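Below is one structure, written out as structure tokens; the observations come after it.
This is a predicted model, so every value here is computed, not measured. Just so it is clear, the values below take in all heavy atoms, side chains as well, and ignore hydrogens, waters and symmetry mates. Throughout, a chain's letter reflects where its sequence line sits, starting with A, and its residues are numbered from 1.
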Amino acid sequence: MVPDSPPVIIATDSPAHHPPRRNLPPGPSLRPARPTRRRTLPHIHPPSFSSPPSPSTTRFHHMSNERKTLDERAQMSDLERLRHSCAHVMATAILRLWPNAQFAYGPPVESGFYYDFDLPNHRITPDDFETIEAEMKKVARENQKFEKRIISREEARALAESGRLGGLGERPDNRSVFKLDLIDKIPEGEEISCYQNGDFIDLCAGPHVNYTSKCKNIKLMAVSSSYYLGDDSKPQLQRVYGTAFATPEELAQHLHNLEEAKKRDHRRLGKELQLFAVDEKVGQGLILWLPKGAVIRQQLQDFISEELRKTGYSQVFTPHIGKLDLYRTSGHFPYYKESQFAAIPERDQFQKLADEKCSCADLAAGLESGELDGYLLKPMNCPHHIRIFAQSPKSYRDLPVRLAEFGTVYRWEQSGELGGMTRVRAFTQDDAHLFCTPEQVGAEIIGCLKLVKTVLTTLGMNDYRVRVSLRDPDSSKYVGDPANWDKAEEALRQAAIWLGVPFTEEPGEAAFYGPKIDFVIKDVIGREWQLGTVQVDYNLPERFELEYIGADNTKHRPVMIHRAPFGSMERFTGVLIEHFAGHFPTWLSPEQVRVLPISEKSEVFASEVLAQLQAANLRATLDTAPDKIGAKIRNAQLERVPYMLVIGEKEAALQSVSVRHAKRGDLGVRPLDEFLADLVQEVASRSL
RNA sequence: GCCAGCUUAGCUCAGUGGUAGAGCAACGGUUUUGUAAACCGUCGGUCGUCGGUUCAAAUCCGACAGCUGGCUCCA
């Protein structure tokens, strides 16, 4: 089973099979992932968008990762221009405080700006912000003019050699090392310029505002470390993030919005509403679904399952581990070793090796080479599903075969990347694998996209971005027939158009095994997360030698499609909590109705109301606490219970309920049976 | 993983070298209440863990664990 030659994915040794992260369009200021040389698992819900810089495909990146042309720079918006200037003002201020700082780069970003710099004998902390801001405001008051000067490459190099670039004056013995490197990166023939404000001169293509007085509505937001050029083999720099606006009012509004966003953070709401927990004793990145969160997940899964039944899927169940050989065949082990939990050696072999005083290194090497056998916590579900497909010979008449499972997978995320429900080490994909003929690929893709659209529309999530990853037309690293690729890519493109939402086509970003389409959504702090995905795969059927008998009575290789409309239940639920700010639609709410008797006098009728709600299969409770009605309402509001039924003596006499909705307020008195019928309908139709 | 910041009662937080605090929650009682907090009382903490400095540590130092943010939007 173990391939003699390196698996295909090793042979290609190209970054293209990593999920892309470099080609986000002008995206969030706070990146979803750090740059890394780790190999991250492909297919559904990649643990990160991480992929190493890809020299071989750089020229095909046509988005933000490609060097901006001077024309593009000139199109910088007014706000970006202001913020870019603020980065220079911040550099000026920092140099006045720490003259030996070496600056690397300082661009405007979506919500502000930052500057990366090396400062050997001081670590910036938030305590320094006040001082730096005060100095920045001073620079703004001095109203320095930003002056552009076009210089020759030689002159630029000379300025950098003397420490003048990114400095307030010449700094012998302190060459502008990063600027020198950046100068070397400017293509031959491109204009080189520097900008000066006051004493500060920086290598810069601009553009800038005219005077530093524009840069007074600023606030420093965060300090962090970064690697020069994002490469963890390069020196580590300090980065200070700031934000800036044209007016003080806009700045205040922005800061206010950030506060509001924090209140919607799924980690905060998850705790407040008791939806999920992460427990130190259980482990980092391992989500515990609390009873209320479990209700939401169960409702979502029921919803998906219903859609699957309608659209011809078969649901399956598979175990959480599989033999290492399975993943050697699939190519995941040991190639993606870095992203997996360590292999579990076979019990008896493990004991024998221990008796032989075998070292850990021997054990690891044995597992890797295949000399020793063992198991792996599954990093993805496809190999199991493939073996289900292969249980019986298939005819073209059997295709497509659609196997779905809420399958839990395990991935070894670096500790620094874990957080909330959006980046975890164990998560459940709403996974499915479709096995079809090459001719069926287009129709199947459309089917998948329809499902994704149904899901997102039902939940009112319309603010997402679609990314179509296509192959690099000049590369030969791809698996599968180019004609089939053309068809699959066209099908993906048509599907994206059909969806009617903004999408980007990204040539060169397809995995080596097939093109794909991803759904990307932003969280409350502006970070982008990949949710749903549909990926065509020509590779795994090859590696597992899958086949079916065609109409021509000969063997053919099926094509696989991986797809997950939610991505993972964890990440999706996290995003959903923020999307609704905890106010879930009634069908998803852990508690749908709370009955609030005004006093003990009304408790008998209130109990009857509760019984009827429960009989109608609604999730309802009764609040018999000795609180006043205002307090009961407040509690129910804070817990985001969508319907509150106030029951007093009037209501009891009329067999009616006084309805209050958590978002719509007091809806007045209604007959109980009428309210009940409407509510059952609202839940059944999954209304928003 | 790396850099920075943080970790005090179930929750939100005060306390910066000298006997651990508040509000909310919980619990007990009084109140029987009409659309976002009735009143009184009680309980609750080896100040993340381990080690060090000191007559004395929540407070200073170190290690570890966990949490949060960041780790090329390209001069």
As its Watson-Crick or G-U partner within any shown strand, both distances under 3.5 Å, B:G21 has B:C13
Partner of B:G44 by Watson-Crick or G-U wobble geometry, both contacts under 3.5 Å, or none? none
Side chain of A:Ile633, heavy atoms from C-beta onward: which of B:A36, B:C67, B:C71 has the nearest atom to it? B:A36
Report the residue (A:Val278 or A:Leu638) whose heavy-atom-nearest nucleotide on RNA chain B is the more 5′ of the two. A:Leu638
Residues in contact with RNA chain B, drawn from residues 148-157 of chain A - heavy-atom cutoff 4.0 Å: none
Selection from B:G69, B:A36, B:C3 that lies nearest to any side-chain heavy atom of A:Ser225: B:C3
Between A:Gly283 and A:Lys271, who's closer to the 5' end of RNA chain B by nearest nucleotide? A:Lys271
Under 3.5 Å on both distances, the Watson-Crick or G-U partner of B:A37: none
Please state whether the phosphate of B:C67, meaning OP1 or OP2, lies under 4.0 angstrom from any side-chain nitrogen or oxygen of A:Gln284. yes
Protein-nucleotides 26-34 of chain B N/O pairs under 3.5 Å:
unit_1 : atom_1 : unit_2   : atom_2 : d
B:U32  : O2     : A:Glu600 : N      : 3.0
B:U32  : N3     : A:Glu600 : OE2    : 3.1
B:U32  : O4     : A:Glu600 : OE2    : 2.6
B:U33  : OP2    : A:Lys601 : NZ     : 2.6
B:U33  : O4     : A:Pro626 : O      : 3.3
B:G34  : O6     : A:Glu649 : N      : 3.2
B:G34  : O6     : A:Lys650 : N      : 3.3
B:G34  : N1     : A:Glu651 : OE1    : 2.9
B:G34  : N1     : A:Glu651 : OE2    : 3.3
B:G34  : N2     : A:Glu651 : OE1    : 3.4
B:G34  : N2     : A:Glu651 : OE2    : 2.4

Counting only Watson-Crick pairs (N1-N3 plus N6-O4 or O6-N4) and G-U wobbles (N1-O2, O6-N3), all under 3.5 Å, who is the partner of B:C6? B:G66
Hey, does the side-chain of A:Ser224 have a donor or acceptor N/O within less than 3.5 Å of a partner on the base of B:G69? no
In residues 599-608 of chain A, what donor-acceptor pairs under 3.5 Å come from side-chain atoms, sequence neighbours left out?
unit_1   : atom_1 : unit_2   : atom_2 : d
A:Ser599 : OG     : A:Lys601 : N      : 3.2
A:Ser607 : OG     : A:Glu603 : O      : 2.8

Between B:G28 and B:C43, how far apart are the P atoms? Round to whole Å, please. 15 Å
Any cation-pi pair here, A:Arg264 with A:Phe580, using under 6.0 Å and within 45°? no
Sequence-distant partners of A:Arg153, side-chain contact (heavy atoms from CB on, under 4.5 Å), two or more places apart: A:Ile183, A:Ile186, A:Glu188, A:Ile192
Has the side chain of A:Arg239 got a donor or acceptor that lies under 3.5 Å from a partner of the other kind on the base of B:A4? no
Just to be sure I understand the rule, does A:Glu280 reach a base, reach only the sugar-phosphate, or reach nothing, if contact means heavy atoms closer than 4.0 Å? sugar-phosphate
Where the side chain of A:Gln340 meets the backbone of A:Pro379, is there a donor-acceptor pair that is under 3.5 Å apart? no
Side chain of A:Tyr241 only, please: which of B:A36, B:G70, B:C2 is the nearest? B:G70
Quick one: salt bridge (charged side-chain N to carboxylate O under 4.0 Å, His left out) partners of A:Glu674, sequence neighbours excluded? A:Arg670
What's the gap between B:U59 and B:U46 when it is taken at their P atoms, as a whole Å value? 16 Å
Pairing residues for A:Glu272 by the salt bridge (charged side-chain N to carboxylate O under 4.0 Å, His left out) criterion, not counting sequence neighbours: A:Arg268
Whole-Å gap separating P (B:G66) and CZ (A:Arg423): 17 Å
N or O in side chain of A:Arg267 less than 4.0 angstrom from B:G69 OP1/OP2: yes
Is there any side-chain hydrogen bond (donor to acceptor under 3.5 Å, both in side chains) pair reaching into residues 158-169 of chain A, and which pairs are they, with sequence neighbours excluded? A:Glu161-A:Arg175
Please tabulate, one pair per line, all N/O donor-acceptor pairs under 3.5 Å involving side-chain atoms of residues 660-669 of chain A, not counting sequence neighbours.
unit_1   : atom_1 : unit_2   : atom_2 : d
A:Arg660 : NE     : A:Gln637 : OE1    : 3.0
A:Arg660 : NH2    : A:Gln637 : OE1    : 3.2
A:His661 : ND1    : A:Lys663 : N      : 3.0
A:His661 : ND1    : A:Arg664 : N      : 3.2
A:His661 : NE2    : A:Arg664 : NH2    : 3.2
A:Arg664 : NH2    : A:Tyr643 : OH     : 3.3
A:Asp666 : OD1    : A:Gly668 : N      : 2.9

Any heavy-atom pair between the side chains of A:Met421 and A:Arg571 that's under 4.5 Å? no
If we take the P atom in both B:G18 and B:C3, what is their distance in whole Å? 33 Å
Base paired to B:A57 (Watson-Crick or G-U; both N/O distances under 3.5 angstrom): none
Show me, pair by pair, the donor-acceptor contacts under 3.5 angstrom made by side chains of residues 647-657 of chain A, not counting sequence neighbours?
unit_1   : atom_1 : unit_2   : atom_2 : d
A:Glu651 : OE1    : A:Gly648 : N      : 2.9

